[in-house]
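Everything on this sheet refers to the single structure shown next.
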Amino acid sequence: MPETEISSVLREPRFVVKKFQAIAQREGAGAVVRRSIGRFELRYFDPFLVLDEFQVTAPGGFPDHPHRGFETVTYMLQGAVTHEDFKGHKGTIRAGDLQWMTAGKGIVHSEMPASQGTQKGLQLWINLSSKHKMIEPRYQEMLSKDVAEVSKDGIKVRVIAGEALGTKSQIYTRTPTMYLDFTLKPGAHLQQPIPFKWNSFIYVLEGEGVFCSKESSPTKPHYILLLGSGDGVEAWNQSSKLLRFILVGGEPLGEPVVQYGPFVMNTQEEIDQTIDDYEYCINGFENAKH
């Protein structure tokens with residue numbers, strides 16, 4: 001790959017170390033997802049377990065299903081979904097809204113279309129460290145109007161988590177995480193710092209972007225780019241249309257991962273216990289019977 005031009009902001013810009021397209025597949029009850037993390041090309045990218053770009057139309061959706069040991073971040077791009085859990089917590093997430101759910105010791109919930117037409121969004125699963133896997137569940141929810149947003153030099157960013165262009169998110173990340181939704185106008189050039197030891201990736205939503213080296217081939221929608229080490233990333237919009245992508249980074253946990261569907265623990269014994277807890281409605285799943 002050509003060398004990145006010298007940056008006045010980034011001393012060690014990151015390069016793309018892996019790139020592939022997320023292919024559409026069926027999931028849930030009639031939903032379609034493009035899974036880029038959590039599939040055979042990329043089972044795990046510490047601390048990230050799953051990244052899905054999903055679309056769903058009624059009567060399809062994601063009926064009752066459990067989680068334990070990680071967090072889910074649902075970010076709506078179009079339409080709306082209604083969610084409800086086994087403790088009666090419910091609500092509707094609309095375009096631009098955000099739900100950051102810490103499943104902890106146990107959640108059973110559903111996510112179903114709340115309006116006509118096709119609902120689209122992103123769902124990211126973030127692993128929890130061993131000391132946090134069995135904490136009490138909690139939610140952080142934010143309406144679109146309350147998501148931190150700033151524009152500068154042809155760049156607009158919605159700060160879901162972390163910081164960009166001097167603006168910080170109010171979301172608390174138990175596993176240190178940045179989640180940035182960038183839109184670049186034609187001709188715009190971005191330089192975004194990333195903590196040096198964090199893993200990070202880009203997922204393109206709209207348009208075509210050039211990343212890490214100005215001479216690189218443009219990347220189209222539904223592609224994920226895993227970034228190597230460095231202190232940040234550069235991006236250019238050399239096209240005539242808007243470019244939109246997410247940049248996500250997180251501090252690696254460096255712990256064993258044993259996953260059984262929606263349960264993510266550190267050992268097989270913990271997975272076996274989780275299956276028993278869910279089956280017998282104990283240790284956090286008491287309300288599952290309802």
Side-chain angles (χ1 to χ4, degrees), residues 25-33 35 37-40 43-52 54 56 58-74 81-93 98-114 121-141 171-175 177 250 252-290:
Q25 65 185 56
R26 294 286 176 179
E27 188 81 6
V32 176
V33 305
R35 179 163 298 163
I37 300 176
R39 55 183 293 125
F40 67 91
R43 291 294 186 187
Y44 182 52
F45 189 49
D46 193 4
F48 305 111
L49 295 154
V50 167
L51 176 65
D52 281 346
F54 66 85
V56 58
F62 304 95
D64 290 353
H65 57 280
H67 294 297
R68 173 180 278 182
F70 58 96
E71 298 182 302
T72 68
V73 183
T74 304
V81 295
T82 295
H83 63 91
E84 182 173 5
D85 73 16
F86 64 0
K87 290 188 176 181
H89 181 272
K90 58 184 176 181
T92 299
I93 314 170
L98 165 72
Q99 182 197 72
W100 198 292
M101 184 186 79
T102 303
K105 64 192 297 185
I107 280 285
V108 177
H109 73 158
S110 63
E111 299 153 300
M112 303 298 288
L122 298 170
Q123 188 167 92
L124 177 69
W125 292 12
I126 305 172
N127 201 7
L128 287 170
S129 66
S130 56
K131 64 183 178 182
H132 292 141
K133 284 189 176 296
M134 294 297 286
I135 61 175
E136 290 295 325
R138 67 178 296 224
Y139 292 89
Q140 297 177 84
E141 295 176 326
I171 293 291
Y172 170 69
T173 60
R174 196 170 294 275
T175 299
T177 305
L253 298 175
E255 297 181 348
V257 175
V258 181
Q259 181 172 356
Y260 180 77
F263 305 138
V264 182
M265 305 300 287
N266 298 108
T267 68
Q268 185 59 48
E269 289 76 15
E270 291 171 339
I271 288 292
D272 294 342
Q273 183 63 57
T274 298
I275 294 170
D276 286 345
D277 290 347
Y278 180 56
E279 182 176 351
Y280 295 108
C281 302
I282 58 175
N283 296 331
F285 289 110
E286 285 79 2
N287 291 318
K289 66 183 71 176
H290 305 301

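Heavy atoms only: backbone and side chains are in, while hydrogens, waters and symmetry mates are out.
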Nearest-0.5 Å distance that lies between atom [atom1] in [X] and atom [atom2] in [Y]:
X: Phe285; Y: Tyr280; atom1: CZ; atom2: OH; value: 15.0 Å
X: Gln99; Y: Thr74; atom1: CD; atom2: OG1; value: 5.0 Å
X: Lys87; Y: His89; atom1: NZ; atom2: NE2; value: 11.5 Å
X: Ile37; Y: Phe45; atom1: CD1; atom2: CZ; value: 7.0 Å
X: Ser110; Y: Phe86; atom1: OG; atom2: CZ; value: 12.5 Å
X: Leu128; Y: Met134; atom1: CG; atom2: CE; value: 11.5 Å

Hey, are [Y] and [X] close enough side-chain-wise for a donor-acceptor pair under 3.5 Å?
X: Asp85; Y: Tyr139; answer: yes
X: Glu141; Y: His83; answer: yes
X: Gln123; Y: Glu111; answer: yes
X: Thr102; Y: Glu71; answer: yes

Side-chain donor or acceptor of [X] paired with backbone N/O of [Y] under 3.5 Å:
X: Asp46; Y: Gly254; result: yes
X: Glu255; Y: Leu253; result: no
X: Thr274; Y: Glu270; result: yes

Tell me, do [X] and [Y] make a side-chain contact under 4.5 Å, heavy atoms counted?
X: Trp100; Y: Thr177; answer: yes
X: Phe48; Y: Leu124; answer: yes
X: Tyr172; Y: Arg138; answer: yes
X: Val257; Y: Leu49; answer: yes
X: Val32; Y: Arg26; answer: yes
X: Lys105; Y: Asp277; answer: no
X: Ile126; Y: Thr175; answer: yes
X: Ile271; Y: Ile275; answer: yes

Using salt bridge (Lys or Arg N to Asp or Glu O under 4.0 Å) as the criterion, list what pairs up with Glu269, not counting sequence neighbours. none
Could you tell me which non-hydrogen atom of [X] sits nearest to which non-hydrogen atom of [Y], and how far apart they are?
X: Pro256; Y: Asn266; value: O-ND2, 2.9 Å
X: Pro262; Y: Phe70; value: O-CE2, 3.2 Å
X: Thr92; Y: Ala114; value: CG2-CB, 3.9 Å
X: Gly60; Y: Pro113; value: O-CD, 2.9 Å

Just checking Tyr44: does its OH atom have more than 12 heavy atoms from other residues, nucleotides or ligands closer to it than 6.0 angstrom? yes
Is Glu27 salt-bridged to Arg35, cutoff N-O under 4.0 Å? yes
May I have the step-by-step check of side-chain contact (heavy atoms from CB on, under 4.5 Å) for Arg68 and Asn283, ending in yes or no? CA-CA 11 Å; Arg68 173 180 278 182; Asn283 296 331; 4.2 Å; yes
Apply the test side-chain contact (heavy atoms from CB on, under 4.5 Å) to residues Tyr278 and Phe263: give CA-CA distance (whole Å), side-chain angles for both, the deciding distance (0.1 Å), then the verdict. CA-CA 10 Å; Tyr278 180 56; Phe263 305 138; 4.1 Å; yes
With side-chain contact (heavy atoms from CB on, under 4.5 Å) as the criterion, how do Arg43 and Gln259 come out once you've worked through the C-alpha distance, each side chain's angles and the decisive distance to 0.1 Å? CA-CA 10 Å; Arg43 291 294 186 187; Gln259 181 172 356; over 6 Å; no
Strictly under 6.0 Å, is that where the ring centroids of His67 and His109 end up? yes
side-chain contact (heavy atoms from CB on, under 4.5 Å) between Val81 and Met112, intermediate numbers included: CA-CA 5 Å; Val81 295; Met112 303 298 288; over 6 Å; no
